[in-house]
Trainee: 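Provided herewith is a single structure, encoded as structure tokens, for subsequent inquiry.
Protein chains get the first letters and strands the later ones, always in sequence-line order, with residue 1 at the start of each.
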Number of protein chains: 2
Amino acid sequence: MTIDRKRQIIEAAAQSFSQFGYKATTMEQIAKLANVGKGTIYTFFKNKEDLLDEIISSLIVEIKESAKQAMDPHLPFSENVHRALYRILEFRQQHQLTAKLLQEVRSIGTSAVQEVLKKLDRAIIDFIREKIDIAIRKGEIRPCDSEITAFLMLKAYIALIVDWEKDHEPLSKEKIAELFELYFLKGLSN
Amino acid sequence: MTIDRKRQIIEAAAQSFSQFGYKATTMEQIAKLANVGKGTIYTFFKNKEDLLDEIISSLIVEIKESAKQAMDPHLPFSENVHRALYRILEFRQQHQLTAKLLQEVRSIGTSAVQEVLKKLDRAIIDFIREKIDIAIRKGEIRPCDSEITAFLMLKAYIALIVDWEKDHEPLSKEKIAELFELYFLKGLSN
DNA sequence: AAATGACCGAATGGACAAAATGGTCATTTG
DNA sequence: CAAATGACCATTTTGTCCATTCGGTCATTT
């Protein structure tokens, strides 16, 4: 068979989005990098937004895979959720594409990018929510609204990892695990 | 004595900032509204930024006062912190000036406004932190880092009140109190 | 049937002039 | 003479062309 043009396009686009951002990447640039005509891209993807969407969708699969690997069924719920969330946010910060898109949405706020990052958040929350539901069923934690809990956990992690550093010394991974255990599991009450 | 020019200026500025935002308000506009010459403003305030700063400073006093009133020394720590935070965020959302500034910093990101809102956040965290320290000393809650705890509580409240509504039905005041009690006080563990 | 690049209307951004703004200061006022 | 003022200045911001670029289409080629 001939070369897989669709894969070439996806790879070229992912590379270019990572390097220059979504808005600064032109379809012609992608076409040239992928060694195809510009029109060819439109036989596989509806438009530029759809192309980004497909890339993020496969990235979501990758992130979930990475989070799963960070977990260990023998460990308690709190440790596993901590590991999963930490790994996910680490991934999000370190991965060139997500880092660039995160930066882009902050500085220009491209709506297509905002849309796709929302989808990524949604996927993360769903992933954590699933873990919470399992823990509730196993009796590891009290029954609670898993949607709200997953939402709050993600927000708390982002706050601790991203926002906290804006005005303070960064918190170590261990410290964050400790805080997570304290606030979400044990509670502050005496 | 003659009319209090400084107060006139502050009131005119506060009104104009509330109505049009910080950037869209001109010093001439403020002067006209306050019935003073433009130069007069500069005999009381170093510059436009300083004027905003002074307005926010007195707003902080007002917010603290309102939060104190919402609390009741006979109630337990968790209920009081919930009442204080809820009142503060309610104030911040309902007060025309803060609402406008919050919107402005999101859409244009004026740095002077960002600065001043940071100061407001700082004041809120300090207020909560103080309450936490008292509760620890009284033995109402376990010892913990009050700075991190206050920070996380504020972030959690903003997440529940502001962010949650972006994709879900708003949570009632009671529901939020219940969640706060569950996550921060009791903890999820069985 | 799949691939392509010339082509199109819309969006973007650079250049530059005009208008507006924050802040100063010599003059006026009470 | 201290407090108040508004004309004035340097700097930004805004408005307006216009040339270029971009996303997307489609007639033509492979």
Trainee: Below 4.5 Å, heavy atoms only, C-beta onward: do B:I148 and A:L179 meet side chain to side chain?
Mentor: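 Of all side-chain heavy-atom pairs linking A:L179 with B:I148, at least one is under 4.5 Å.
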Trainee: Counting only heavy atoms not in B:E28, do more than 12 sit closer than 6.0 Å to its CD atom?
Mentor: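 No - once you tally the heavy atoms of other residues, nucleotides and ligands closer than 6.0 Å, there are 12 at most.
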Trainee: With a cut-off of less than 4.0 Å, is there a side-chain N or O of A:R5 near OP1 or OP2 of C:dA2?
Mentor: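 A:R5 to C:dA2 OP1/OP2: no side-chain N or O under 4.0 Å.
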Trainee: Do NZ/NE/NH1/NH2 and the carboxylate oxygens of A:R129 and A:D126 come within less than 4.0 Å?
Mentor: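 Between A:D126 and A:R129 there is no salt bridge, as every charged N stays at least 4.0 Å from the carboxylate O atoms.
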Trainee: Name every residue in residues 46-53 of chain B that has at least one heavy atom under 4.0 Å from any atom of DNA chain C, in order of residue number, or write none if there are no such residues.
Mentor: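 Those residues whose heavy atoms fall under 4.0 Å from DNA chain C, taken from residues 46-53 of chain B in numerical order, are B:N47, B:K48.
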Trainee: Output yes when A:E54 and A:K6 qualify as a salt bridge under the 4.0 Å nitrogen-oxygen rule, no when they do not.
Mentor: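 Looking at A:E54 and A:K6, the cut-off is met.
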Trainee: Under 4.0 Å from any atom of DNA chain D, heavy atoms only: list the residues of residues 109-120 of chain B that qualify, in numerical order.
Mentor: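 None, since no heavy atom is under 4.0 Å.
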Trainee: Answer yes when B:D53 and B:K119 have at least one side-chain N-carboxylate O distance shorter than 4.0 Å, and no when they do not.
Mentor: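 Salt bridge: yes.
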Trainee: For the side chain of A:K38, starting at C-beta, report the closest nucleotide among C:dG22, D:dT5, C:dA6.
Mentor: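 Among the listed nucleotides, the one closest to the side chain of A:K38 is C:dA6.
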Trainee: Nearest to the B:T26 side chain among D:dT5, C:dA3, C:dT21, which nucleotide is it?
Mentor: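 Nearest nucleotide to the side chain: C:dT21.
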Trainee: Just the atom pairs and distances: protein N or O near nucleotides 28-30 of chain D's N or O, under 3.5 Å.
Mentor:
none

Trainee: Classify the ring geometry of A:Y86 against A:H82: parallel below 30°, tilted from 30° to 60°, perpendicular beyond 60°.
Mentor: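 Correct class here is tilted.
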Trainee: Where do N or O atoms of nucleotides 9-14 of chain D meet protein N or O atoms at under 3.5 Å, pair by pair?
Mentor:
none

Trainee: Check the phosphate of D:dA3 against B:T43, side-chain N and O only, distance under 4.0 Å to OP1 or OP2. Yes or no?
Mentor: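 Checking D:dA3 against B:T43, no side-chain N or O comes under 4.0 Å of OP1 or OP2.
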Trainee: For the pair A:K173 and A:E79, find out whether any cationic side-chain nitrogen is under 4.0 Å from an anionic carboxylate oxygen.
Mentor: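 Looking at A:E79 together with A:K173, the answer is no, because their closest N to O distance does not fall below 4.0 Å.
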Trainee: With B:D121, which residues qualify under salt bridge (Lys or Arg N to Asp or Glu O under 4.0 Å), at least two apart?
Mentor: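 Checked B:D121 against salt bridge (Lys or Arg N to Asp or Glu O under 4.0 Å); matches are B:R92.
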Trainee: If you define the side chain from C-beta out and look only at heavy atoms, does anything of A:Q96 sit under 4.5 Å from A:K100?
Mentor: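 A:Q96 vs A:K100: side chains apart.
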Trainee: Has the side chain of B:T110 got a donor or acceptor atom that lies under 3.5 Å from a matching backbone atom of B:K23?
Mentor: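 Checking the backbone N and O of B:K23 against the side chain of B:T110, no donor-acceptor pair under 3.5 Å is found.
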Trainee: Dump the intermediate steps for ring pair (Phe, Tyr, Trp, His ring centres under 6.0 Å) on B:Y183 and A:F184, then the final yes or no.
Mentor: CA-CA 5 Å; B:Y183 294 119; A:F184 280 101; 5.7 Å; yes
Trainee: May I ask you to decide if the ring planes of B:F91 and B:H95 are parallel, tilted or perpendicular, using 30° and 60° as cut-offs?
Mentor: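 Judged by the thresholds at 30° and 60°, the geometry between B:F91 and B:H95 is parallel.
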Trainee: Classify every nucleotide of nucleotides 25-30 of chain C by which part a protein heavy atom approaches to under 4.0 Å, writing B for the base, S for the sugar-phosphate alone and - for neither, in 5'-to-3' order.
Mentor: ------
